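Predicted model only: the values in this text are computed from it and were never measured. Chain letters run A, B, ... following the sequence lines, proteins first, then strands; residues in each count from 1.
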Amino acid sequence: MKSTVLKDLDRRGLIFQKTHDELDEVLKHSQTLYCGFDPTADSLHAGSLLLLVGLANFRRHGHKPIALIGGATGLIGDPTGKSDERILLTDDILTKNANALGIQIQTILDRAMGMHPDTVEGKVEKIPIVNNADWMKPWSFIDFLRDVGKHFRVNSMMQKDSVKSRLSEREQGISYTEFSYMLIQAYDFFHLFNEKSCSLQIGGSDQWGNITAGTDLIRKRTSKPAFGLTVPLLMTADGKKMGKTENGALWLDATKTKPYVFYQYWVGRDDSQVVDLLKKFTFISTNEIDELAKADNRGELQRRLAYEVTWLVHGKDVADKVVAASRMLFGEPIQNLSDDDLTALFADVPSTEIQKTDLAQGVGLLQLLSETGLQKSNGAARRLVEQGGAYINNHRIDDATRVVTLDDLASETMLVLRSGKKKYHLIRLI
RNA sequence: GGUGGGGUUCCCGAGCGGUCAAAGGGACCAGACUGUAAAUCUGGCACGUAAGUUUCGAAGGUUCGAAUCCUUCCCCCACCA
């Protein structure tokens, strides 16, 4: 008989591997668990989203998640999956990043509790955000070696994939600093085990080595069991890391990746993966998803997925607006609208400001396309226009010499540029 | 340390004195078809409206002319020690 969390996670395909089967038994009672996030940037990106969803699922089943920000480990750099030694970040930046991540994680996890209440079993608790710098920094090197280092065999550390791959590349190698990373992560788990009775760590499948280092340490020093569980690392249908776009990572922060763009990323997922993604990233019950999948929904699943995920990350209001904007954008020409309409519709579409006087004189369409970043050069913009992929206010423009003027405004001060089927850009007069 | 093979445009990979802005594939961008899908087909893909300008690890050199030849340097890979 499985605990409800594991049963649910399993159905959603969120379990990659787990340390012991007894975990199931243990999870029948409310447990404290944690997941670590490295403050390498001031926002998480879609790659980490699955971990947040993982934590949220536990919480929705009545368990108590802790989010750990790796203020200390961030100073070191995790060698996992990295072929090069990392560049060390400064203390200042890490602190700033850690604060930003804390807020972001808190917000998203709280929001998750409010979604699909029918599948929530647990009570809402504020989740603690901890920073391992708080307990790691006071250690002296000698003490750490005596109390923690003593419990690790270098022999077994070298067996870990993250280390092994770096050792076999004799040019790069691995620094002593990065080699020590797993000790710190292991100690984190031990610390939380003692201080917060945290018995489970979850992480991406690439974190397996680091997680088991923690469970081993706990077993050696306390003779008590601790558990680890990893979620799968997702790939897109064409074999890329999930959440990566041509323009880099898909950030969860609205200023780094516009919600509209974020939403569109999910709408664009391949048919072969939507059902899977719905199960993994949303809190809709798996039965309901199976029902949805049976109907011949022509893209409806993608829109549902995109809406749910945008809701989780940016909130319901933003998600609703983005949906409205998308409907508008994939439909009629844009005209006879007011600034307010457009602003509401396009709040989360990328935009560029332009001087009123410039537009009064007229600005070349090609120039506008390249300046807004819709195209990377004038030449590329020209080709786009010649191929019929350029639009002003949803009207196709096939004249490369076209000059954009005040007459092109769709509302008092705005006009909408479009490249291809789906890339929109708002031009605002100032 | 020794010997051999390499470094080509986002990636893989041809080219081996002019016809090379550089074959082919992938990725990517448009168009058609569709469901804001997939598959397929078509066009594009250094910069430039063009003339032309800057590219083939780096710097020099030989030549009317170099990605292609020479020199030095940097870096990779294979085998040997």
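Considering only side-chain N and O atoms, A:Tyr391 lies nowhere under 4.0 angstrom from the phosphate OP1 or OP2 of B:rA30. An OP1 or OP2 oxygen of B:rA37 is reached within less than 4.0 angstrom by no side-chain nitrogen or oxygen of A:Lys421.
Going from atom NZ of A:Lys280 over to atom OG1 of A:Thr286 covers 12.5 Å, rounded to the nearest 0.5 Å. Atoms CZ and CZ, on A:Phe227 and A:Phe189 in that order, are 9.0 Å from each other to the nearest 0.5 Å. Atom CZ of A:Phe179 is separated from atom CE of A:Met157 by 3.5 Å, given to the nearest 0.5 angstrom.
Nucleotides B:rG15 and B:rC20 place their C1' atoms 9 Å apart, quoted to the nearest Å. Spacing between B:rA21 and B:rU71 at atom C1', rounded to whole Å, works out to 28 Å. Comparing B:rA66 with B:rA59, their C1' atoms sit 16 Å apart, to the nearest whole Å. Separating the P atom of B:rG48 from that of B:rC41 is a span of 30 Å, rounded to the nearest Å. B:rU8 and B:rG13 are spaced 9 Å apart, taking the P atom of each and rounding to whole Å. When the P atom is used for both B:rC45 and B:rA30, the distance is 15 Å, rounded to whole Å. Taking atom C1' on both B:rC10 and B:rC77, the two are 23 Å apart, rounded to the nearest angstrom. Distance noted for atom C1' between B:rA67 and B:rC56: 5 Å (whole Å).
The CG-P distance, from A:Asp276 to B:rA37, rounds to 21 Å in whole Å. As a whole-Å value, the separation of A:Leu374 CG from B:rA30 P is 10 Å. Atom CG in A:Leu305 sits roughly 16 Å away from atom P in B:rU36 (whole-Å rounding). Look at CD on A:Glu386: it is 14 Å from P on B:rG31, rounded to the nearest Å.
For A:Phe281 and A:Trp266, the gap between ring centers is short of 6.0 Å.
Stem regions annotated for RNA chain B: B:1-7 with B:74-80, B:10-12 with B:24-26, B:28-32 with B:40-44, B:57-61 with B:69-73, counting only runs of 3 or more consecutive pairs of Watson-Crick or G-U type with both contacts under 3.5 Å.
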Protein-to-nucleotide contact annotation, 5' to 3' order, nucleotides 38-51 of chain B [B base; S sugar-phosphate only; - none; under 4.0 Å, heavy atom]: S----BSS-SSS--
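Heavy atoms of A:Glu300 sit nowhere under 4.0 angstrom from any nucleic acid atom. Across all strands, A:Thr401 comes closer than 4.0 Å to no nucleic acid atom at all (heavy-atom distances).
The pair A:Asp24-A:Lys7 fails the salt-bridge criterion, with no side-chain N (NZ, NE, NH1 or NH2) lying under 4.0 Å from an Asp/Glu carboxylate O. Salt bridge A:Asp290/A:Lys294: absent, no basic N to carboxylate O contact under 4.0 Å.
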Verdict with reasoning, A:Val403 to A:Leu365, per side-chain contact (heavy atoms from CB on, under 4.5 Å): CA-CA 5 Å; A:Val403 172; A:Leu365 174 59; over 6 Å; no
From CA spacing to verdict: side-chain hydrogen bond (donor to acceptor under 3.5 Å, both in side chains), A:Gln207, A:Gln201: CA-CA 10 Å; A:Gln207 289 296 312; A:Gln201 178 181 178; over 6 Å; no
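With sequence neighbours excluded, the residues forming a ring-ring contact (aromatic ring centres under 6.0 Å, His included) with A:His63 are A:Phe58, listed by chain and number.
In terms of position on RNA chain B, the residue among A:Arg396 and A:Lys422 whose nearest nucleotide sits closer to the 5' end is A:Arg396.
Taking 3.5 Å as the limit, the base of B:rU36 and the side chain of A:Gln264 contain a donor-acceptor pair of atoms between them.
Residues A:Leu49 and A:Leu44 form no side-chain contact, since every pair of their non-hydrogen atoms from C-beta on lies 4.5 Å or further apart.
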